[in-house]
Amino acid sequence: MPVGTLGSVKGLELEQVRATGAEMVLANTYHLALRPGEDIVESLGGLHGFSGWQGPILTDSGGFQIFSLAHRTKVTEEHAAFQSHIDGRRVVISPERAVAIQEALGSDVAMVLDHVVALPNRPEVVRDAAERTIRWARRCQQAATRSDQALFAIVQGGLDPAMRADCAHRLAELDFPGYAVGGLSVGEPPEQMYRTLDVTVPELPADRPRYLMGVGRPEDLLEAIRRGIDLFDCVMPTRNGRNAQAFTDEGPLRLRNLKYERDERPLQPGCPCAACRRSRGYIRHLFMAKEMLGPILLSIHNLAYYQRLVADARRAIERDQFETFREEKLRGWGVV
RNA sequence: GGGGGGUUUCCCGAGCGGUCAAAGGGGUCAGACUGUAAAUCUGAUGGCAAUGCCUUCGCAGGUUCGAAUCCUGCACCCCCCA
């Protein structure tokens, strides 16, 4: 899923997002509750009518903001209290409120409010957050009223295998329609994230979507797919695209680099996206000149690249050739 | 013709006797970015055999232990008066 936190995949029109192959996008509860407010989104047709996106929409709950905006957030058993990053006012999001906001937003998939902490962290902090996440998941489940909206649970538990497995197991017993693995890629080395997936994913029902939140680099996606993950979201293709980085089969390209000044090749030979109809030299020029088309084109390219990556992975799995596919990709990226 | 102001490292622009290879900004070069407080942030940016040496603040001389800073002459630019 491309990330459209504020109800828009930054810089891109709906058709451009759709043309990358994306079917589902992500938006954010905390951010939309602050601005414009879920009541306004609801009155303007819900997230679909409001943004115009016809496909499925998943809303994150605000749990990630407990981590990313930690310095202005206070968590109690009852709720998370934020000091708005926009105007400083107090914004309280309880599990019940997170569900109510998401129901008003009208997303197709809502996420439970979870408690995300930075890693590495003290065991008691990680355990406390994981236990609270389970209690909050129950409260979210009980607060949910819409039959046309799925509610996914989120596994926490840091890097502790036992805690992860336990958290996953206990959430699985609550019979959610989908499960996410959260609290990863928040500062820990990739290897530790992979090891955590090794022990977490097997505890989650294989007949439900298994979603790794906020990940990641192309190699992270393949490592996660290999371990049973079905769904991802990440700002990397769009944010890094806006910052002049293009993902390709030869690894990421920093288009501002002098070496592309006269490079007449496309970013990725064979890529059908709009950016790849131009030369690297032209795209470098756009970034050096601070033309808005630069960030737009690389956002398009990176989203298309990511979509193709997972589509190809899916096809490889169907042919039982995933390992070969993965090794080829990693070799191209120079990761192995 | 008379009076005044100015010329600083790639650019703009501080500095006005030593702590100045010289603030700050721009540009350039390089790096970071993982459920978006991000079209953002970080570092480098005279040369070198480099805990030191050399070259540089319009040009040429001079004063001084020491000058981007003071003095003299010259060149060029800007403003006002005629």
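Chain identifiers are assigned alphabetically (A, B, ...) following the order of the sequence lines, protein sequences preceding nucleic acid strands; residue numbering begins at 1 within each chain.
- As rounded to the nearest Å, B:G58 and B:U69 have P atoms that lie 8 Å from one another.
- The stretch residues 255-313 of chain A participates, sequence neighbours left out, in these ring pair (Phe, Tyr, Trp, His ring centres under 6.0 Å) pairs: A:Phe247-A:Tyr306.
- B:C33 is unpaired under the criterion used here, namely a Watson-Crick or G-U wobble arrangement in which both key atom distances are under 3.5 Å.
- Within a heavy-atom distance below 4.0 Å of RNA chain B, no residue of residues 302-311 of chain A is found.
- On the C1' atoms, B:G25 is 36 Å away from B:U63, given to the nearest whole Å.
- Listed by first and then second residue, the side chain to side chain donor-acceptor pair (under 3.5 Å) pairs involving residues 39-54 of chain A are A:His48-A:Asp108 (not counting sequence neighbours).
- For residues 125-172 of chain A, no residue pair satisfies the ring pair (Phe, Tyr, Trp, His ring centres under 6.0 Å) rule, not counting sequence neighbours.
- A:Lys329 pairs by the salt bridge (charged side-chain N to carboxylate O under 4.0 Å, His left out) definition with A:Asp249, not counting sequence neighbours.
- B:U42 sits 33 Å from B:C53 when the P atoms are compared, rounded to a whole Å.
- By the 4.0 Å N-to-carboxylate-O rule, A:Arg226 lies close enough to A:Glu323 to be salt-bridged with it.
- In this structure, B:U72 and B:A60 make a Watson-Crick or G-U wobble pair, each of the two defining distances being under 3.5 angstrom.
- Under the Watson-Crick or G-U wobble criterion, with both distances below 3.5 Å, B:C48 is paired with B:G52.
- Counting only residues at least two apart or in different chains, ring pair (Phe, Tyr, Trp, His ring centres under 6.0 Å) contacts with residues 70-116 of chain A comprise A:Tyr30-A:Phe82, A:Tyr30-A:His85, A:His31-A:His85.
- No side-chain donor-acceptor contact under 3.5 Å links A:Glu78 and A:Ser94.
- Remark: B:G1 base-pairs with B:C81. Criterion, Watson-Crick or G-U wobble with two distances under 3.5 Å.
- Scored by the ring pair (Phe, Tyr, Trp, His ring centres under 6.0 Å) test, A:Phe232 finds no partners at all (sequence neighbours excluded).
- Across the protein-nucleic acid pair, A:Leu255 atom CG and B:A30 atom P stand 12 Å apart, rounded to whole Å.
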Handout entry: Annotated protein contacts, base or backbone, on nucleotides 33-43 of chain B with a non-hydrogen cut-off under 4.0 Å, one of B, S, - each
Key = BBBBBBBB---
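- Every side-chain contact (heavy atoms from CB on, under 4.5 Å) that A:Met288 has, sequence neighbours left out, goes to A:Arg256, A:Arg284.
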